[in-house]
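See structure below.
The first residue in the sequence is number 1, and the count goes up from there. No experiment lies behind these values; they were computed from the predicted model shown.
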Amino acid sequence: MTDTETIQILNGAIILALGALMSILQNLPLVSTHFFLIVSTGYPLWGGIAFIVSGVLSVIAGKKPTKEWIERSFGMNIASTTIALVGLVFLSVNLAVNNPSLKNCQSFQPPDLCIYKEASSNGLVSIMLILTLLELCTASSISVKWCKANCSPLRKAIFSSLNSVESRMPPNESKSETKKIQS
C-alpha cells in the first residue's frame, strides 16, 4: 500500500468521524439547527465513504493490476475528485453561513457558550475543509498519473487513424477534411 492510498483511506475515516462528532454536537439541546449545516447535506457520510472506497480500490488495483480493477480505481478517483470539489463548496458555504448566525447567538445565550460554539464549529469545519482539499489533490493526482500512463496509446491510435484517413483522400480534399475531423 502506497502513501496515496493510505491518505485516501485515512481521510475518509477522519471525515466520517468528524461527521459523527458534528452530528452528535448538532443534537445537543443548546445548539441551534444551523450550527453544522454540513451535517444536513450528508457530505461527511457520502464523502467519507467515497474516499475510503477510492483508497481501497487503489490498493486492490495495485495488488491485482488487471484492466477491470485499474479502470474501477480510475473511475472512483474521478468520482472522489468530483465529490471533493462539491464538499469544498459545501464546507465553504457552511463557514460563510456560520459567522453571521453565531453573531446572533450572544443575544440568546451566555457569551461563553457562544464563543465555544463559534470556535468548535469553525474549527471542525475547517479541519474537514483541509482534509477535503487534501483528498482533492490526492485523487486528482492519481487520476492524472493514470491518464498519462494509459491515455498515450489511445492518443497514438487516434492520430494514426487520422493519418491513415488523410493518406487515402485525394490531395485537395485531405487538408480540409482533416481540419473538419480534428475540430
Side-chain angles (χ1 to χ4, degrees), residues 1-28 31 33-99 116-159:
M1 185 163 28
T2 65
D3 293 340
T4 54
E5 290 97 5
T6 306
I7 289 170
Q8 286 184 302
I9 294 169
L10 287 175
N11 258 347
I14 293 170
I15 288 173
L16 274 172
L18 286 174
L21 178 64
M22 289 177 184
S23 182
I24 290 168
L25 290 175
Q26 181 82 19
N27 293 322
L28 291 176
V31 178
T33 57
H34 51 275
F35 182 47
F36 290 116
L37 180 68
I38 196 69
V39 173
S40 61
T41 65
Y43 170 72
L45 177 65
W46 49 264
I49 289 172
F51 301 155
I52 291 171
V53 169
S54 184
V56 168
L57 284 176
S58 294
V59 169
I60 293 171
K63 290 184 179 183
K64 297 179 185 179
T66 63
K67 182 181 176 184
E68 292 82 22
W69 283 113
I70 291 171
E71 286 176 350
R72 289 175 187 159
S73 173
F74 175 67
M76 196 61 204
N77 277 302
I78 294 291
S80 288
T81 301
T82 306
I83 289 169
L85 283 170
V86 170
L88 285 174
V89 170
F90 283 163
L91 290 162
S92 299
V93 167
N94 193 115
L95 283 173
V97 169
N98 263 1
N99 285 334
Y116 170 74
K117 284 170 58 174
E118 184 174 6
S120 63
S121 173
N122 290 339
L124 290 172
V125 172
S126 296
I127 290 170
M128 194 177 286
L129 184 73
I130 291 167
L131 291 172
T132 300
L133 186 61
L134 178 62
E135 178 63 29
L136 175 67
C137 294
T138 304
S140 60
S141 69
I142 290 171
S143 300
V144 167
K145 285 179 187 176
W146 186 92
C147 197
K148 281 184 179 180
N150 295 300
C151 294
S152 297
L154 180 61
R155 271 190 256 141
K156 288 177 185 175
I158 290 170
F159 285 122

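- Each side chain to side chain donor-acceptor pair (under 3.5 Å) pair with one or both residues in residues 78-88, not counting sequence neighbours, appears once here: S54-S80.
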Determine all donor-acceptor pairs shorter than 3.5 Å in which one atom belongs to a side chain in residues 9-16; sequence neighbours excluded.
from: N11; atom 1: ND2; to: L131; atom 2: O; distance (Å): 3.3

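- Distance check, rounded to the nearest 0.5 Å: OG1 of T4 to CD of E135 gives 10.0 Å.
- Contacts of S140 classified as side-chain hydrogen bond (donor to acceptor under 3.5 Å, both in side chains), with partners at least two apart in sequence or in another chain: none.
- Considering only heavy atoms from C-beta on, S58 comes within 4.5 Å of N77 through its side chain.
- Note on residues 49-79: pairs passing ring pair (Phe, Tyr, Trp, His ring centres under 6.0 Å), not counting sequence neighbours, are F74-W146.
- Summarising the geometry, atom CG belonging to L18 is positioned 12.5 Å from atom OG belonging to S23; distances are rounded to the nearest 0.5 Å.
- In terms of heavy-atom proximity, Q8 sits nearest to I142 at OE1-CD1, 3.6 Å.
- Applying the side chain to side chain donor-acceptor pair (under 3.5 Å) test to every pair with at least one member in residues 83-92, sequence neighbours left out, gives no pairs at all.
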> side-chain contact (heavy atoms from CB on, under 4.5 Å) between V56 and M76: does it pass, once the steps are laid out?
Replying inline: CA-CA 10 Å; V56 168; M76 196 61 204; over 6 Å; no
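- When the options I83, V89, V86 are evaluated for a side-chain contact (heavy atoms from CB on, under 4.5 Å) with Y43, the one that passes is I83.
- Across all non-hydrogen atoms, the minimal contact from S126 to N122 is OG-O, 2.6 Å.
- Under the side-chain hydrogen bond (donor to acceptor under 3.5 Å, both in side chains) criterion, T138 pairs with no residue at all, not counting sequence neighbours.
- Between the OG1 atom in T132 and the CG atom in L91 there is a gap of 5.0 Å [rounded to 0.5 Å].
- For V144, the side chain to side chain contact (heavy atoms under 4.5 Å, CB included) partners two or more places apart in sequence, or in a different chain, are K148.
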